[in-house]
Amino acid sequence: MNEQSSPDAFSSAVRRLREARQRARTALVEPAPPRPPKPLPPTGRAGRNLPAAIGVGVGLLAVVALSLFVRREAFVVLVVLAVLGALWELAAAVGQRHIRIPVLPLWVGAVGILLSAWVAGAEAMLMAFTLTAGGVFVWRVLDGGGMDAVRDASAGIFAAAYVPYLAGFALLLLREPDGPWLVVTFLLATIANDTGGYIAGVLLGRTPMAPSISPKKSWEGLGGSLVLSVAVAVVLVTLALDGPWWGGVLVGAVVVASATTGDLAESLLKRDLGLKDMGSLLPGHGGIMDRLDSLLVTAPVCYLVLRLVLGG
């Protein structure tokens with residue numbers, strides 16, 4: 001009995017020794033457990049870094065206000081720089097789908113469109129846009145023909161119409177006698193649309209407006225946009241522009257319609273391109289295009305409605 005148990009005990013000891021050696025080797029080559037990820041910046045239900053967004057927004061508003069009421073030409077320069085940056089972001093975004101927008105002639109044309117709007121008015125702005133469209137097309141065709149050239153030139157012409165041409169209407173507002181206050185009304189009513197929609201959407205949002213395009217937009221948020229935008233527009237139209245109260249209601253309502261359309265249009269474009277933001281230049285906001293989306297579509301609407309309301 002003892003003779004049989006001795007080999008068994010020896011074999012068991014050898015097996016345990018081998019297992020211990022194997023565990024030691026595994027411990028030596030096994031990688032260290034991963035470090036816990038760094039905490040992300042605080043974001044709200046809308047998925048944004050709210051403190052950064054507020055800080056950047058207040059800073060931008062201060063710069064815009066100074067440029068409007070100290071030197072109007074400074075605001076023109078701000079618009080030109082914003083448009084050039086937005087065109088760069090848009091070209092980079094569509095470049096992911098192998099669409100090459102001719103940036104250089106587009107930049108030159110954008111400056112021409114905006115300066116024409118400021119110096120000579122709407123007719124000159126339209127002429128500058130026409131020349132820009134032709135220049136973009138010729139530039140791309142000279143760089144190589146075929147269907148790719150037609151696609152790229154079409155994208156460039158779309159970019160010229162979408163960004164600098166629509167932005168030119170803000171400068172047409174600035175040319176008016178009460179230009180700075182007209183621009184302030186346009187800007188603050190549009191910002192009120194975004195702010196009211198954000199607050200109401202976070203607090204009350206339950207019913208998605210367009211879930212396939214922008215899942216966070218809700219009908220409750222649209223109601224908040226309408227209330228705040230109309231209130232801001234009524235105050236500015238009656239007190240700053242000496243217009244009728246119903247004019248403020250009309251301005252606020254059309255701003256909500258146009259700004260929401262612009263926001264959804266860019267959301268659709270970003271979804272098609274597989275992007276969350278067009279850029280990352282503005283913390284808490286994304287890129288320049290992400291701030292201009294609603295403003296661009298609203299600028300011509302405000303230009304027409306404010307002229308109608310104020311008898312311009």
Side-chain angles (χ1 to χ4, degrees), residues 40-58 60-61 86 89-90 93 162 166 185-237 245-280 282-302 304-305 309:
L40 296 173
T43 59
R45 284 177 58 183
R48 294 289 182 187
N49 184 344
L50 192 56
I54 294 174
V56 171
V58 171
L60 290 175
L61 279 177
E89 289 180 350
L90 186 59
Y162 182 30
L166 293 183
T185 301
F186 148 63
L187 291 176
L188 291 187
T190 308
I191 293 171
N193 167 79
D194 296 339
T195 305
Y198 175 83
I199 294 173
V202 168
L203 297 178
L204 305 172
R206 298 291 184 274
T207 312
M209 180 190 301
S212 62
I213 300 175
S214 183
K216 290 186 172 64
K217 281 198 174 297
S218 64
W219 288 107
E220 293 82 1
L222 182 66
S225 296
L226 186 62
V227 170
L228 190 56
S229 185
V230 167
V232 169
V234 168
V235 170
L236 289 170
V237 168
W245 66 267
W246 57 264
V249 174
L250 180 60
V251 169
V254 298
V255 162
V256 170
S258 59
T260 303
T261 300
D263 193 25
L264 289 175
E266 202 214 12
S267 295
L268 183 61
L269 179 61
K270 289 189 292 187
R271 182 169 289 273
D272 184 63
L273 295 172
L275 299 173
K276 181 179 184 297
D277 293 318
M278 283 290 190
S280 57
L282 305 175
H285 295 267
I288 299 174
M289 274 298 301
D290 298 298
R291 286 301 85 208
L292 293 183
D293 51 5
S294 55
L295 292 170
L296 289 172
V297 179
T298 304
V301 175
C302 266
L304 295 174
V305 174
V309 168

Hey, mind stepping through V251 and F186 against side chain to side chain contact (heavy atoms under 4.5 Å, CB included) and telling me if it holds? CA-CA 9 Å; V251 169; F186 148 63; over 6 Å; no
Could you go through the side chain to side chain contact (heavy atoms under 4.5 Å, CB included) check for L269 and L90 one step at a time? CA-CA 10 Å; L269 179 61; L90 186 59; 3.9 Å; yes
Apply side chain to side chain contact (heavy atoms under 4.5 Å, CB included) to M209 and T260, showing your working. CA-CA 11 Å; M209 180 190 301; T260 303; 4.2 Å; yes
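Heavy-atom minimum distance, G224 versus A200: CA-CB, 3.7 Å. L292 and A86 make their closest contact through CD1-CB, 3.8 Å (heavy atoms, listed as atom of the first residue, atom of the second, distance). When all heavy atoms of D194 and R291 are compared, the pair lying nearest together is OD2-NH1, 4.0 Å. In this structure, A192 and V232 approach most closely via the heavy-atom pair CB-CG2, 3.8 Å. Here the closest non-hydrogen pair linking E220 and R206 is OE1-N, 3.2 Å. In this structure, E89 and M289 approach most closely via the heavy-atom pair OE1-N, 2.9 Å.
The CG atom of N193 lies 8.0 Å from the OG atom of S258; values are rounded to the nearest 0.5 Å. In this structure, CG in L188 is found 10.0 Å from CG in L228, a value given to the nearest 0.5 Å. Rounded to the nearest 0.5 Å, atoms OG1 (T298) and CG (D263) are 10.0 Å apart. Going from atom NZ of K217 over to atom OG of S225 covers 6.5 Å, rounded to the nearest 0.5 Å.
At least one donor-acceptor pair closer than 3.5 Å links the side chain of S229 to the backbone N or O of A189. When atom types are taken as modelled, the side chain of S294 and the backbone of A259 share no donor-acceptor pair closer than 3.5 angstrom.
In this structure the side chain of E266 never reaches within 4.5 angstrom of the side chain of V297, judged on heavy atoms. No side-chain heavy atom of V254 sits less than 4.5 Å from a side-chain heavy atom of L304.
Among V235, L236, T190, V255, the one residue that satisfies the side chain to side chain contact (heavy atoms under 4.5 Å, CB included) test with T185 is L236.
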